[in-house]
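Each chain gets a letter, A, B and so on, in the order its sequence line appears, and its residues count up from 1.
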Number of protein chains: 2
Amino acid sequence: MTGSPHAPPLACRTLAEAVAALRQRGLRLSTSRKLVLEALFATDNPVSSEHLAGQLGMDLSTVYRNLEEFERQGLVRHVHLGHSPGLYALTGHADREYLYCEQCGAIKALEPHELDTVRDTVHERFGYRARFTHFAIVGTCPECLRG
Amino acid sequence: MTGSPHAPPLACRTLAEAVAALRQRGLRLSTSRKLVLEALFATDNPVSSEHLAGQLGMDLSTVYRNLEEFERQGLVRHVHLGHSPGLYALTGHADREYLYCEQCGAIKALEPHELDTVRDTVHERFGYRARFTHFAIVGTCPECLRG
DNA sequence: ATACTTGCAAATGATTTGCCAGTGT
DNA sequence: ACACTGGCAAATCATTTGCAAGTAT
């Protein structure tokens with residue numbers, strides 16, 4: 001979770017695919033490494049390092065070291081919704097972007113293309129190509145706007 | 001810098017105005033408190049707690065406690081650009097929003113209204129009212145897009 | 001006079017690192 | 001075999017909290 005620019009995404013649909021890709025890049029596939037990958041493939045949502053370590057019964061530092069390596073390879077990314085710690089997900093599996101309501105904490109996950117209009121608007125006006133995969137879009141949800 | 005929803009903004013143009021507003025709300029105006037306010041009024045950019053503590057020669061915890069109080073009053077807000085720690089600024093003075101380039105670290109500050117089209121797009125499509133004052137918009141700047 | 005503020009030190013939460021024993025290739 | 005990986009403990013970074021002494025009202 002270092003501040004360095006991100007590796008190009010390494011999208012893998014299956015565990016086998018990911019293992020192959022990592023092998024090809026010369027990485028060793030230890031038991032813990034495979035467990036972390038499995039866990040990431042098994043869930044639909046970004047998960048915390050804490051959660052992974054607990055669930056897999058392995059040391060937090062090991063989890064972090066593996067996630068770090070996976071991020072370096074572009075296989076994994078982490079997101080920040082409100083003020084919470086980083087949450088990790090597979091790049092290819094969870095290219096979602098999030099709307100976070102700061103009043104009620106509601107989180108709306110968006111499929112990869114759903115923010116394209118927004119992205120285009122930003123691009124037209126400022127020339128920046130935006131990604132909302134690192135920081136959620138924070139605001140007020142429809143319900144709280146009414147209330 | 002707690003996760004709680006924000007107080008309504010308390011926009012003050014001058015130090016005197018801010019002092020008056022805080023007094024009115026029953027807050028004591030200690031020397032350190034005034035120093036922090038002065039420092040915030042003196043700069044155009046969001047600053048780190050560290051920076052304030054150093055510059056003003058006061059304890060970090062005092063700085064944090066004051067910033068916390070000011071945020072509670074809606075006078076101050078903090079922003080996160082990339083992975084860096086929180087940066088603090090006066091609400092009324094720095095209602096800016098930021099575009100952050102994750103390749104080169106470039107930061108573009110936008111005036112309050114400049115993202116309105118973007119905000120409207122988000123609102124039309126998802127009903128959310130977005131604020132980019134807490135998390136910058138992260139992406140790739142025009143220069144890096146070319147390179 | 002009294003309640004709020006300070007500095008200092010120690011606690012916290014998230015993440016990182018050192019080290020040495022263990023394991024994948 | 002040998003370089004890489006794991007667990008454990010300690011370090012770090014940003015931020016928070018406890019406490020006794022000091023200060024604003």
Side-chain angles (χ1 to χ4, degrees), chain A residues 1-4 18-39 46-73 75-88 134-135, chain B residues 1-4 18-39 46-73 75-88 134-135:
Chain A
M1 195 160 149
T2 46
S4 51
V19 167
L22 293 177
R23 267 237 166 70
Q24 190 176 314
R25 298 185 173 201
L27 290 198
R28 288 188 191 180
L29 265 293
S30 64
T31 315
S32 349
R33 222 162 248 188
K34 264 175 281 186
L35 282 173
V36 173
L37 282 179
E38 268 175 47
V47 293
S48 67
S49 50
E50 192 91 27
H51 178 82
L52 287 170
Q55 173 190 335
L56 304 176
M58 69 180 65
D59 199 82
L60 248 181
S61 66
T62 306
V63 170
Y64 275 116
R65 275 193 273 234
N66 286 333
L67 289 172
E68 191 188 10
E69 182 63 60
F70 296 154
E71 287 205 88
R72 200 176 299 131
Q73 301 300 325
L75 185 62
V76 159
R77 238 182 358 221
H78 73 272
V79 207
H80 295 278
L81 315 179
H83 287 269
S84 38
L87 300 176
Y88 298 79
H134 180 62
F135 286 149
Chain B
M1 194 159 150
T2 47
S4 53
V19 167
L22 292 177
R23 265 234 166 74
Q24 189 176 314
R25 298 184 174 202
L27 289 197
R28 287 188 191 180
L29 266 294
S30 63
T31 314
S32 347
R33 222 162 248 187
K34 265 174 282 187
L35 282 173
V36 172
L37 281 179
E38 267 175 47
V47 292
S48 67
S49 49
E50 192 91 30
H51 178 83
L52 287 169
Q55 175 190 333
L56 304 176
M58 70 181 64
D59 197 82
L60 247 181
S61 67
T62 304
V63 171
Y64 274 116
R65 275 192 274 233
N66 286 333
L67 290 172
E68 189 188 12
E69 182 62 61
F70 295 155
E71 286 204 87
R72 199 176 298 132
Q73 302 299 327
L75 186 62
V76 159
R77 241 182 356 222
H78 73 272
V79 206
H80 295 278
L81 315 180
H83 288 271
S84 38
L87 300 177
Y88 299 79
H134 180 63
F135 286 149

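In this structure, Arg72(A) atom CZ and dT5(D) atom C1' are separated by 13 Å, rounded to whole Å. If you measure from atom CG of Leu87(B) to atom P of dA14(D), you get 11 Å, rounded to the nearest angstrom. Between the P atom of dT5(C) and the CG atom of Leu37(B) lies a distance of 13 Å, rounded to the nearest Å. Taking atom CD on Glu50(A) and atom P on dT15(C), their separation rounds to 9 Å, with Å as the unit. A straight line from CE of Met58(A) to C1' of dC8(D) spans 15 Å, rounded to a whole angstrom. The distance between atom CD of Glu71(B) and atom C1' of dT16(D), rounded to the nearest whole Å, is 14 Å. Distance Gln73(A) CD to dC4(D) C1': 14 Å, rounded to the nearest Å. Spacing between atom CG of Leu67(B) and atom P of dT5(C) amounts to 14 Å, rounded to whole angstrom units.
Aromatic ring centroids of His78(A) and His83(B) lie under 6.0 Å apart.
Distances from the side chain of Leu60(B) to the nucleotides dT6(C), dT15(D), dG6(D) place dT15(D) closest.
In this structure Arg25(B) satisfies the side chain to side chain donor-acceptor pair (under 3.5 Å) test together with Gln73(B), sequence neighbours excluded. For Glu69(B), the salt bridge (charged side-chain N to carboxylate O under 4.0 Å, His left out) criterion is met by Arg72(B), not counting sequence neighbours. Under the rule for a side-chain contact (heavy atoms from CB on, under 4.5 Å), the partners of Val79(A) that lie at least two apart in sequence or sit in another chain are Pro46(A), Leu81(A), Tyr98(A). Partners of Ala20(A) under the side-chain contact (heavy atoms from CB on, under 4.5 Å) rule, at least two apart in sequence or in another chain, do not exist in this structure. The side-chain contact (heavy atoms from CB on, under 4.5 Å) check on Ser30(A) picks up Ser32(A), Arg33(A), with sequence neighbours excluded.
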Take nucleotides 17-25 of chain D nucleotide by nucleotide from the 5' end and write B, S or -, depending on whether a protein heavy atom sits under 4.0 Å from the base, only from the sugar-phosphate, or from neither.
BBB---BBS
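The side chain to side chain donor-acceptor pair (under 3.5 Å) pairs that include a residue from residues 46-59 of chain B are Ser49(B)-Tyr64(B), His51(B)-Gln55(B), Asp59(B)-Ser61(B), where partners are two or more places apart or lie in different chains.
Leu35(B) contributes atom CG, which lies 11.0 Å from atom OG1 of Thr62(B) (distance to the nearest 0.5 angstrom). The structure places CG of Leu75(B) at 11.0 Å from CG of Asn66(B), a figure rounded to the nearest 0.5 Å.
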Which nucleotides of DNA chain C pair, in dot-bracket form (Watson-Crick or G-U under 3.5 Å, | meaning another strand)
||||||||||.|||.||||||||||
